[in-house]
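Everything on this sheet refers to the single structure shown next.
None of the values given here were measured: they were computed from a predicted structure. Residue numbers start at 1 and run along the sequence shown. Computation of the quantities below employed the complete heavy-atom set of this structure, encompassing side-chain atoms and omitting hydrogens, waters and symmetry-equivalent molecules.
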Amino acid sequence: MTDIEYMQVALLEAEKAAAAGEVPVGAIAVIDDEIVAKSFNLMEQKKSALAHAEILIIQELNRIVGDWRLDMATIYVTKEPCPMCAGAMVNSHIKKVVFGMADNRSGACGSSPHNIADNPDMLWQIEVVPRILEDECTMLFKQFFKKIREEKQKQKKDNL
């Protein structure tokens, strides 16, 4: 499969997140050209700031591989990882991260000053492939937050 095809699978995970009322971030993990794990944000369901799709994928990979070193794994994620997730990827020795939507404010894989993933000062660097299916990933994000705003406005009107 190509990066585009893998990202399409990650987008399906992001759609599951949106349907569950979660911020629509989806992720998959690939080892030896095979999808071995899938996840999406579960912060609201788990009531945990740690339940980002990337963290959940790393935990699943640890279980599958039986080790904390994941230098054979590529993670595809629909939004550029935040500093927490990029740091977890560095500490897990992830081989490569491929992301869709860039996050110029708080992304940590090259789009903002918080570049953690391939920072030469870190003990491990991750190969970064940015902006794969960025338009599709961005559209899903925008639709999700538009729906949230509309629901809040409706609630406000109903309470008047």
Side-chain angles (χ1 to χ4, degrees), residues 1-18 20 22-141 144:
M1 291 176 66
T2 66
D3 285 346
I4 289 171
E5 291 169 319
Y6 285 127
M7 189 61 73
Q8 288 170 331
V9 177
L11 266 167
L12 293 175
E13 293 300 304
E15 290 171 2
K16 291 177 189 176
E22 300 279 353
V23 173
V25 177
I28 65 166
V30 174
I31 297 175
D32 294 330
D33 299 321
E34 180 182 341
I35 298 171
V36 295
K38 301 176 185 179
S39 190
F40 53 86
N41 275 7
L42 288 172
M43 292 173 60
E44 299 300 330
Q45 280 185 28
K46 292 185 176 270
K47 305 294 184 217
S48 173
L50 302 177
H52 288 203
E54 301 96 310
I55 299 295
L56 298 173
I57 279 284
I58 290 169
Q59 291 172 331
E60 181 64 11
L61 282 170
N62 293 147
R63 189 190 65 73
I64 290 166
V65 172
D67 196 359
W68 65 268
R69 291 175 190 88
L70 302 172
D71 58 352
M72 75 300 290
T74 297
I75 293 179
Y76 289 81
V77 60
T78 56
K79 181 182 170 290
E80 182 175 0
C82 70
M84 175 182 70
C85 293
M89 288 182 194
V90 167
N91 287 328
S92 299
H93 293 195
I94 294 294
K95 176 182 174 182
K96 179 167 83 172
V97 62
V98 180
F99 69 82
M101 184 180 97
D103 184 347
N104 296 327
R105 186 179 60 183
S106 60
C109 295
S111 297
S112 78
H114 318 297
N115 188 8
I116 293 171
D118 63 352
N119 185 324
D121 294 330
M122 301 297 284
L123 294 175
W124 182 264
Q125 290 80 43
I126 302 169
E127 179 185 348
V128 177
V129 178
R131 302 174 190 264
I132 301 297
L133 294 182
E134 183 173 34
D135 291 343
E136 292 86 340
C137 294
T138 301
M139 179 73 70
L140 182 58
F141 233 72
F144 176 79

Step-by-step side-chain contact (heavy atoms from CB on, under 4.5 Å) determination, V97 to V129 | CA-CA 6 Å; V97 62; V129 178; over 6 Å; no

Please report, to 0.1 Å, the donor-acceptor pairs under 3.5 Å made by any side chain of residues 32-46, with sequence neighbours excluded.
from : atom 1 : to  : atom 2 : distance (Å)
N41  : OD1    : A53 : N      : 2.9
N41  : ND2    : V23 : O      : 3.4

Residues at least two apart in sequence or cross-chain that pass salt bridge (charged side-chain N to carboxylate O under 4.0 Å, His left out) with E22, listed by chain then number, are none

Could you go step by step and tell me if I132 and Y6 meet the side-chain contact (heavy atoms from CB on, under 4.5 Å) rule? CA-CA 10 Å; I132 301 297; Y6 285 127; over 6 Å; no

- Q8 and E5: side-chain contact (heavy atoms from CB on, under 4.5 Å), yes or no, with the steps? CA-CA 5 Å; Q8 288 170 331; E5 291 169 319; 4.1 Å; yes

*asked:* So K79 and F141, do their side chains get closer than 4.5 Å, heavy atoms only?
replied: yes

| field | Sub-4.5 Å side-chain heavy-atom contact between E15 and P24 | value | no

- Item | pair L70-V65: side-chain heavy atoms closer than 4.5 Å | yes

Does V98 form a side-chain contact (heavy atoms from CB on, under 4.5 Å) with M7? I'd like the steps, not just the answer.
CA-CA 8 Å; V98 180; M7 189 61 73; 3.9 Å; yes

E13 meets the side-chain hydrogen bond (donor to acceptor under 3.5 Å, both in side chains) criterion, sequence neighbours left out, with K16

The reported gap from CG in L133 to OG1 in T138 (rounded to nearest 0.5 angstrom) is 10.5 Å

Tightest non-hydrogen contact, residues I94 and A73, listed as CG2-O, 3.5 Å

Please set out all donor-acceptor pairs under 3.5 angstrom arising from side-chain atoms of residues 107-116, sequence neighbours excluded.
from : atom 1 : to   : atom 2 : distance (Å)
S111 : OG     : E80  : OE1    : 2.7
S112 : OG     : G107 : O      : 2.4
S112 : OG     : H114 : N      : 3.1
H114 : NE2    : R105 : O      : 3.4
N115 : OD1    : G110 : N      : 3.4
N115 : ND2    : D118 : OD1    : 2.8

For E134, the side-chain hydrogen bond (donor to acceptor under 3.5 Å, both in side chains) test, sequence neighbours excluded, returns R131

Taken to the nearest 0.5 Å, the spacing of L50 CG from K47 NZ works out to 14.5 Å

TODO: Determine whether more than 12 heavy atoms belonging to other residues, nucleotides or ligands lie under 6.0 Å from atom CE of M1.
DONE: yes

* Considering only heavy atoms from C-beta outward, does the side chain of M89 approach that of I58 to under 4.5 Å? -> yes

So side chain to side chain donor-acceptor pair (under 3.5 Å) across residues 87-100, not counting sequence neighbours, yields none

- Task: May I ask you to check whether D103 and S106 show a side-chain donor-acceptor distance below 3.5 Å?
- Result: yes

Residues at least two apart in sequence or cross-chain that pass side-chain hydrogen bond (donor to acceptor under 3.5 Å, both in side chains) with R63, listed by chain then number, are E60

Correct closest heavy-atom pair for I75 and A27 would be CG2-CB, 4.5 Å

Residue pairs passing the side chain to side chain donor-acceptor pair (under 3.5 Å) test with at least one member in residues 67-78, sequence neighbours excluded, are D3-Y76

Residues at least two apart in sequence or cross-chain that pass side-chain hydrogen bond (donor to acceptor under 3.5 Å, both in side chains) with S48, listed by chain then number, are none

Value for CD1 (I57) from CD (E54), rounded to nearest 0.5 Å, stands at 9.0 Å

